[in-house]
Amino acid sequence: HCVILNHPGEISNGYCPVVDCHTAHVACTFTVKEKKDRRTGEVLETNPKCVKTGDACTVEMKPTKGFCVEKFEEFPPLGRFAVRDMKQTVAVGIITSVVRKEVEVDEADDW
């Protein structure tokens, strides 16, 4: 769930800014799922074409590399994020769900 604070244009599917979560900075690809009312959280539109400054929305973020995050309800410090683009904060939000990817570890990588 995120709120667009300051973006000069529109954010649509495929947008790939840097997401800051705790001390990690990773580029993530956005897919906008729902546009919501900022105050009530009521869903206004499903699969919107784009969102603009002032809008609240639910997005799916796919990181380009490994990214350590948690749900906000389980561990708040790893559940908050800021979206940065053009050397400014574009959006902020909280993580509502996490899809984990299993990674195989080689013996050489095992300490």
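Residue numbers count from 1 along this sequence.
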When rounded to the nearest 0.5 angstrom, what is the spacing between [atom1] in [X] and [atom2] in [Y]?
{"X": "Ile95", "Y": "Glu74", "atom1": "CD1", "atom2": "CD", "value": "11.0 Å"}
{"X": "Cys28", "Y": "Lys65", "atom1": "SG", "atom2": "NZ", "value": "10.5 Å"}
{"X": "Cys16", "Y": "Lys62", "atom1": "SG", "atom2": "NZ", "value": "12.5 Å"}
{"X": "Asp55", "Y": "Leu5", "atom1": "CG", "atom2": "CG", "value": "11.5 Å"}
{"X": "Arg84", "Y": "Lys87", "atom1": "CZ", "atom2": "NZ", "value": "10.0 Å"}

Would [X] and [Y] show up in the same hydrophobic cluster when neighbours are defined by side-chain heavy atoms closer than 4.5 Å?
{"X": "Leu78", "Y": "Val98", "value": "no"}
{"X": "Val69", "Y": "Val26", "value": "yes"}
{"X": "Phe67", "Y": "Val83", "value": "yes"}

Do the non-hydrogen side-chain atoms of [X] and [Y] ever get within less than 4.5 Å of each other?
{"X": "Pro17", "Y": "Phe30", "answer": "yes"}
{"X": "Val59", "Y": "Tyr15", "answer": "no"}
{"X": "Cys2", "Y": "Phe81", "answer": "yes"}
{"X": "Ile11", "Y": "Ile4", "answer": "yes"}
{"X": "His1", "Y": "Cys57", "answer": "no"}
{"X": "Val92", "Y": "Arg80", "answer": "no"}

I'd like to know if Glu45 and Lys33 make a salt bridge, using a cut-off of under 4.0 Å between side-chain N and carboxylate O.
no
Is there a donor-acceptor contact under 3.5 Å from the side chain of [X] to the main chain of [Y]?
{"X": "Thr40", "Y": "Glu42", "answer": "yes"}
{"X": "Asn13", "Y": "Val32", "answer": "yes"}
{"X": "His7", "Y": "Gly9", "answer": "yes"}
{"X": "Thr29", "Y": "Gly14", "answer": "no"}

If you compare all heavy atoms of Arg39 against all heavy atoms of Asp37, which two are closest, and at what distance to 0.1 Å?
N-OD2, 3.0 Å
Heavy-atom closest contact (Lys36 atom, Gly41 atom, distance):
CD-O, 3.8 Å
Check each of Glu34, Glu10, Lys35 against Pro48 using the side-chain contact (heavy atoms from CB on, under 4.5 Å) test, and report the only one that passes.
Lys35
Can Thr96 and Lys71 be said to form a side chain to side chain contact (heavy atoms under 4.5 Å, CB included), step by step?
CA-CA 5 Å; Thr96 55; Lys71 286 172 50 174; over 6 Å; no
